[in-house]
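Sharing a structure here in structure tokens format.
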Number of protein chains: 2
Amino acid sequence: MKEYSVIIVDDHPVVREGYRRLIDLQPGLKIVGEAEDARSAYAQFRDLQPDVVVMDVTLPGASGVEAVRHIRQYDDSARIVVFTMHLSAAFALKAIKAGATSYITKSSDPKTLIEAIFGALHGRTVISPDVIEAIARDRISGMGTGLSDLSPRQTEILCLLARGWPAERIAEELAISQKTVRNNHYQIKSILGMETDAQLVWFALETGLLQAV
Amino acid sequence: MKEYSVIIVDDHPVVREGYRRLIDLQPGLKIVGEAEDARSAYAQFRDLQPDVVVMDVTLPGASGVEAVRHIRQYDDSARIVVFTMHLSAAFALKAIKAGATSYITKSSDPKTLIEAIFGALHGRTVISPDVIEAIARDRISGMGTGLSDLSPRQTEILCLLARGWPAERIAEELAISQKTVRNNHYQIKSILGMETDAQLVWFALETGLLQAV
DNA sequence: GTCTGTCTCGGGCAAATTGCCCGAGATTTC
DNA sequence: GAAATCTCGGGCAATTTGCCCGAGACAGAC
């Protein structure tokens, strides 16, 4: 029986132990490497050429979605199973668009993860049921994730606004006038259909633009 | 050698596997039960009377801090190690005040967790270095968590504001005038020293007043 | 009893911001 | 090279904020 190689990427050591217990003891799978951030994930992939990568998308430093994109750029046939806490339609869509093969939440049954890994080996995409439901709900209630309706600049400004930066500081940071920041602020709220600034924060959080501490 | 009993509480199955690998294989410790939410954590504690509880504080449904309080109410000598992703001074202080013996973040070295468990058996409190630092930083920059500086009513209004409710809806909900809501809004911001509404959301999140999805 | 403190609720008003519309360069896309 | 899209900001009325004030309620202190 062929044994497939796996590398795991997660920033929490205890979670990596969990993967080992789950994946390594599975006949047919073998963990050949571990990484705890996006950069070393990429390095490990290049060095070890594993059959599958299992990774969280919330990592210290660069976003895991970036890591997915990066790895797929290097090797278009890479199989990447995203395994994360975030039950967010927007997050999932971003990951899939970036090139993830599957998207599974950590509250799923461990069996689901194993199935997703074997599925990925055969190029099958698995998305856990809770995420499917979230995506469906999202599609019904609105148009897409909403994030895609914003221009890059608007996304950038939203990011700063949601962090709690005052218009003044944003204007400095981006070297534009406060007036422009305010205009964008207004535009962003009306595009996303939000009434208050607090809602913007929640949006940024749900969408994965920002991460809760 | 006496073997101490442990129950683990976490809503992610894979993380629970990680605990098993870490704790169960440790000579002197044995996992006798698992729970995935606050209610069953309490039930398990009553049924199994373990020597230590290792639990995350962000659980589906009721907050883990409540679970800590509940368990300590039932058995004042219970040893509870909080093991969580949240690197937040306010969160840690709340957990400790609720009766947690130790507070360790998931990005800590696994050894730290084991040490905290054995420490807890002897009644020692262990707080991981990153949290200590966060608390120190907090104490220096402000006075306490800040939440205690707000009146009950202000806390209530903050809660609604941080959820993203417009002043109008808050006024309705609380049956007061919009003007009063606005005055409180201003007061809250100046008491807490915040400049923007987005910062209020982060404050509510860090302080445990609200929980991120 | 009265006094003092704190909380809640809101009025008032100048200063600042929002909501909304507009136009001009720069870039992209076809 | 025409059309579409971004980005940047001006303008201006309507609203909100920042800040100060007073009144009624209710606690505990003396």
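A note on names: the letters A, B, ... follow the listed sequences, proteins ahead of strands, and every chain is numbered from 1.
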- [ ] Answer whether the closest heavy-atom distance between the side chains of B:Leu160 and B:Leu174 falls below 4.5 Å.
- [x] yes

Open item on the list: Checking B:Arg16 now: which residues fulfil side chain to side chain donor-acceptor pair (under 3.5 Å) with it, not counting sequence neighbours?
Closed with: B:Glu34

Task: Any residue meeting ring-ring contact (aromatic ring centres under 6.0 Å, His included) with A:His12, in chain and number order, not counting sequence neighbours - done: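 In terms of ring-ring contact (aromatic ring centres under 6.0 Å, His included), with neighbours along the sequence ignored, A:His12 is linked to no residue.
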
Task: Distance in Å, A:Ser102 OG paired with A:Ile80 CD1, rounded so as to fall on 0.5 Å steps - done: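 That separation rounds to 10.5 Å.
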
TODO: Sorted by first residue and then second, give each salt bridge (charged side-chain N to carboxylate O under 4.0 Å, His left out) pair with at least one member in residues 166-175 of chain A; sequence neighbours left out.
DONE: none

Open item on the list: For nucleotides 11-18 of chain C, give me one character per nucleotide, 5' to 3': B if any protein heavy atom sits under 4.0 Å from the base, S if the only such contacts are to the sugar-phosphate, - if neither.
Closed with: BBB---SB

Task: Rounded interatomic separation in angstrom, taking CG from B:Leu161 and P from D:dT16 - done: 14 Å

TODO: May I have the distance from A:Gln187 (atom CD) to C:dC22 (atom P), rounded to whole angstrom?
DONE: 12 Å

- [ ] Applying side chain to side chain donor-acceptor pair (under 3.5 Å), name anything that partners A:Gln187, two or more places apart in sequence or on another chain.
- [x]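 If we apply the side chain to side chain donor-acceptor pair (under 3.5 Å) test to A:Gln187, skipping adjacent residues, there are no hits.
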
TODO: Five pairs at each end of the helix from C:dG1-D:dC30 to C:dC30-D:dG1: take the axis at both ends and give me the angle between them to 10°.
DONE: 40°

Task: Value in whole Å for how far the C1' atom of C:dC7 lies from CD1 of B:Ile191 - done: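 In whole Å, C:dC7 C1' lies 11 Å from B:Ile191 CD1.
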
Task: side-chain hydrogen bond (donor to acceptor under 3.5 Å, both in side chains) contacts in which one or both residues fall within residues 109-125 of chain A, not counting sequence neighbours - done: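 Pairs touching residues 109-125 of chain A that pass the test: none.
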
Task: With sequence neighbours excluded, residues passing side chain to side chain donor-acceptor pair (under 3.5 Å) with B:Tyr19 - done: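 By the side chain to side chain donor-acceptor pair (under 3.5 Å) rule, B:Tyr19 matches B:Asp10.
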
Task: Pairs flagged by salt bridge (charged side-chain N to carboxylate O under 4.0 Å, His left out) wherever residues 73-93 of chain A is involved - sequence neighbours left out - done: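 Residue pairs passing salt bridge (charged side-chain N to carboxylate O under 4.0 Å, His left out), neighbours aside: A:Arg72-A:Asp76.
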
- [ ] Check the distance between C:dC7's P and B:Ile188's CD1 and give it to me in whole angstrom.
- [x]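 Nearest whole value for this atom pair: 13 Å.
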
Using a 3.5 Å cut-off and no angle test, enumerate the donor-acceptor pairs between side-chain atoms of residues 49-56 of chain B and protein atoms at least two apart in sequence or in another chain.
from	atom 1	to	atom 2	distance (Å)
B:Gln49	NE2	B:Arg46	O	3.3
B:Gln49	NE2	B:Tyr74	OH	3.1
B:Asp51	OD2	B:Ser5	N	2.8
B:Asp51	OD2	B:Ser5	OG	3.3
B:Asp56	OD1	B:Thr58	N	3.4
B:Asp56	OD1	B:Thr84	OG1	2.9
B:Asp56	OD2	B:Lys106	NZ	3.2

TODO: Return no unless some side-chain N or O of B:Thr180 is found under 4.0 Å from OP1 or OP2 of C:dG10.
DONE: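 For C:dG10, OP1/OP2 do have a side-chain N/O of B:Thr180 under 4.0 Å.
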
TODO: If a protein heavy atom is under 4.0 Å from the base, mark B; if only from the sugar-phosphate, S; if neither, -; do that for nucleotides 25-30 of chain C going 5' to 3'.
DONE: ------

Open item on the list: Rounded to whole Å, how long is the line connecting atom CG of B:Leu174 with atom C1' of C:dC7?
Closed with: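 Rounding to the nearest Å, CG of B:Leu174 and C1' of C:dC7 are 15 Å apart.
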
Open item on the list: Applying side chain to side chain donor-acceptor pair (under 3.5 Å), can you list everything that pairs with A:Glu17, at least two apart in sequence or on another chain?
Closed with: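 Residues passing side chain to side chain donor-acceptor pair (under 3.5 Å) with A:Glu17: B:Arg21.
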
TODO: Take atom CG of A:Asn184 and atom P of D:dC6, then tell me their distance rounded to the nearest Å.
DONE: 12 Å

- [ ] Whole angstrom is fine here: how far is it from CD1 in B:Ile157 over to P in C:dT8?
- [x] 8 Å

